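One structure is given here, and the rest of the page talks about it.
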Amino acid sequence: METKRSPKNIFVQGQISPESIAKSIANHSTKTDIGGHSIFLGQVRADEKEGGKVTAIEYTAYEEMALEKAFEIREAVFAKYPLSCMHIYHSLGEVKVGEICLFVFTSSKHRKAAIDACEELVERIKKEVPVWGKELIDNEGSVWKENL
Amino acid sequence: METKRSPKNIFVQGQISPESIAKSIANHSTKTDIGGHSIFLGQVRADEKEGGKVTAIEYTAYEEMALEKAFEIREAVFAKYPLSCMHIYHSLGEVKVGEICLFVFTSSKHRKAAIDACEELVERIKKEVPVWGKELIDNEGSVWKENL
Amino acid sequence: MPKLEPMTPTSIHVIAFGMIAEKIKTKELVLEYMPDTEVLLGYLYQQFPDLKQTKFSIALNKKMVVGKTFIPVGAEVALLPPFSGG
Amino acid sequence: MPKLEPMTPTSIHVIAFGMIAEKIKTKELVLEYMPDTEVLLGYLYQQFPDLKQTKFSIALNKKMVVGKTFIPVGAEVALLPPFSGG
């Protein structure tokens, strides 16, 4: 029997390292009912802005609300798709251009559930979780990020 | 100007290691126009079969045709979506339960193109690339894998 | 549980994030109690005219609210600019 | 370029994969030249009756063909069971 899940932390300080992603993947090799993993990674872009180029994004969040919301999304997506596993990590603080700031990871017996659930999670996280990115510009200015 | 692409090898002997996936992700940190990566990983399942449990899959391929086909799919998907990068790796030989046998990796400025292209690649690879999996059973028998 | 120990029941605890915190130059305000979000908005626009040009939402006790909404005594009121995570 | 050095122009080079190679107990056949895929299938079903119960496709020079298709001299003919990669 599944025990009741409670909100878990999704935030990591600074970038999400490729090594930690590899570790997360490797941790699933003992789950031998998994046939497919779907992963989304958000990476900080060096966008051109008025007055300069983005060099990093500084993330802040309304943490308690974000964790509650992430938990709510997590439960809804678990209820909708036959998933074996789901992991969500988002950066807080400064993440430099080229570094990973979002890691969404779903696993299921057959590929379709993992792929669809991962996409839905990414959309919902960007839309519903109270996190803000401030793009730091190489002229020492900054611009509040806007999600498309 | 983009130079003409030619077929590149997609095959790796045995499993695709989490470390090689991490390396592949890390290689993209210098491509600062990338905002999103989508990754699909196929993992070998310990399915129950008549007479026993799957312990590994042994992959063979019509290699020359597979590389031509993978190239054709690659070009078509590059033409359809605004992608920065695309990588496809498939195992040959024996891959044990819990190990990764397929790694599809797409990157783009905005997430949608990467996500859609990755899904389309996975579907087309499974359907159109001449690769066969033979499921090895713990009673020393084997069953030819069938794709859903 | 809202973190309200130092406040009297007649006050209202407002927290601000991102661009809103920048515009009002603080991440926290303790105001006289106000009965609903319309009264609160009226006060905020009066006090910080810059906010009129800024899109933001209000959450009460970590739930988004839309339109005129009663503010429970002791509620944590949050001013949230459009989310831009990921 | 097909790998045909040891063959005469009147022969046909057939390669088999997966379950088909298992059923015909070889990965390669060199046969007398046959003009089209229907004649080839007739011969294969005659020689290897097991194949009648087995789904497979034919590729000529690495392109899938459907229905009766002319076999060019020197073509590489491949017998391909349903793909199951990934």
Side-chain angles (χ1 to χ4, degrees), chain B residues 7 10-12 16 40-45 47 54 57-73 88-93 95 99-104 118-136 141-148, chain D residues 1-7 11-31 37 40-41 44 48-67 69-86:
Chain B
I10 65 166
F11 291 115
V12 299
I16 297 160
F40 178 81
L41 303 173
Q43 181 168 305
V44 175
R45 281 196 315 268
D47 280 1
V54 172
I57 294 180
E58 195 187 320
Y59 288 102
T60 52
Y62 182 5
E63 290 189 47
E64 303 91 327
M65 180 176 163
L67 296 184
E68 276 186 18
K69 196 71 204 177
F71 179 66
E72 186 190 316
I73 293 170
I88 300 169
Y89 298 99
H90 197 298
S91 295
L92 283 185
V95 182
E99 293 180 342
I100 307 291
C101 56
L102 174 62
F103 173 27
V104 179
C118 186
E119 180 168 10
E120 186 164 329
L121 280 170
V122 172
E123 296 305 320
R124 291 196 62 179
I125 290 163
K126 291 202 165 229
K127 206 172 154 195
E128 300 174 39
V129 178
V131 174
W132 297 275
K134 187 185 200 172
E135 295 170 323
L136 309 181
S142 69
V143 181
W144 288 98
K145 179 171 176 277
E146 283 178 57
N147 276 359
L148 297 180
Chain D
M1 286 274 289
K3 300 170 293 184
L4 288 171
E5 296 80 349
M7 293 167 49
S11 67
I12 170 172
H13 184 209
V14 178
I15 52 178
F17 293 90
M19 184 191 286
I20 303 298
E22 254 180 29
K23 294 217 172 187
I24 69 175
K25 295 186 176 59
T26 181
K27 290 182 175 178
E28 255 182 298
L29 290 169
V30 178
L31 307 176
T37 51
L40 173 66
L41 278 176
L44 291 170
F48 311 104
D50 264 13
L51 288 187
K52 283 183 214 162
Q53 278 82 54
T54 312
K55 219 185 135 195
F56 65 97
S57 306
I58 296 179
L60 296 180
N61 291 329
K62 305 183 191 79
K63 302 284 172 208
M64 303 288 269
V65 296
V66 178
T69 307
F70 169 72
I71 301 177
V73 170
E76 181 172 88
V77 181
L79 309 180
L80 310 175
F83 307 157
S84 56

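Protein chains get the first letters and strands the later ones, always in sequence-line order, with residue 1 at the start of each. Because the structure is a prediction, the values reported are computed rather than measured.
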Q) Would a 4.5 Å heavy-atom cut-off, applied to side chains only, mark D/P81 and B/W132 as touching? A) yes
Q) Got a sec, which residues hit side chain to side chain donor-acceptor pair (under 3.5 Å) with B/E146, two or more places apart in sequence or on another chain? A) none
Q. Quick one: does B/Y59's side chain have a donor or acceptor within less than 3.5 Å of a partner on D/S84's backbone?
A. no
Q) So, the side chain of D/K62 versus the backbone of B/Y62: is there a donor-acceptor pair under 3.5 Å, distance only? A) no
(Q) Using heavy-atom distances under 4.5 Å, tell me whether B/K127 contacts chain D through its side chain, its backbone, both, or neither. (A) backbone
Q. For the candidates B/V131, B/V95, B/L41, B/L102, which exhibits the highest count of non-hydrogen atom pairs separated by less than 4.5 Å from chain D?
A. B/V131
Q: Please look at B/A61 and chain D and tell me whether the side chain, the backbone, both or neither of the residue comes under 4.5 angstrom of a heavy atom of that chain.
A: backbone
Q. Do any of residues 14-27 of chain D have a heavy atom less than 4.5 Å from a heavy atom of chain B, and if so, which, in residue order?
A. D/I15, D/F17, D/G18, D/M19, D/E22
Q. Considering residues at least two apart in sequence or located in another chain, which fulfil the side chain to side chain donor-acceptor pair (under 3.5 Å) criterion with B/E128?
A. B/R124
Q. Quick one: side chain to side chain donor-acceptor pair (under 3.5 Å) partners of B/E68, sequence neighbours excluded?
A. none
Q.
Using heavy-atom distances under 4.5 Å, tell me whether B/K134 contacts chain D through its side chain, its backbone, both, or neither.
A. side chain
Q: Could you look at B/E135 and say if it's the side chain, the backbone, both or neither that has a heavy atom under 4.5 Å from chain D?
A: neither
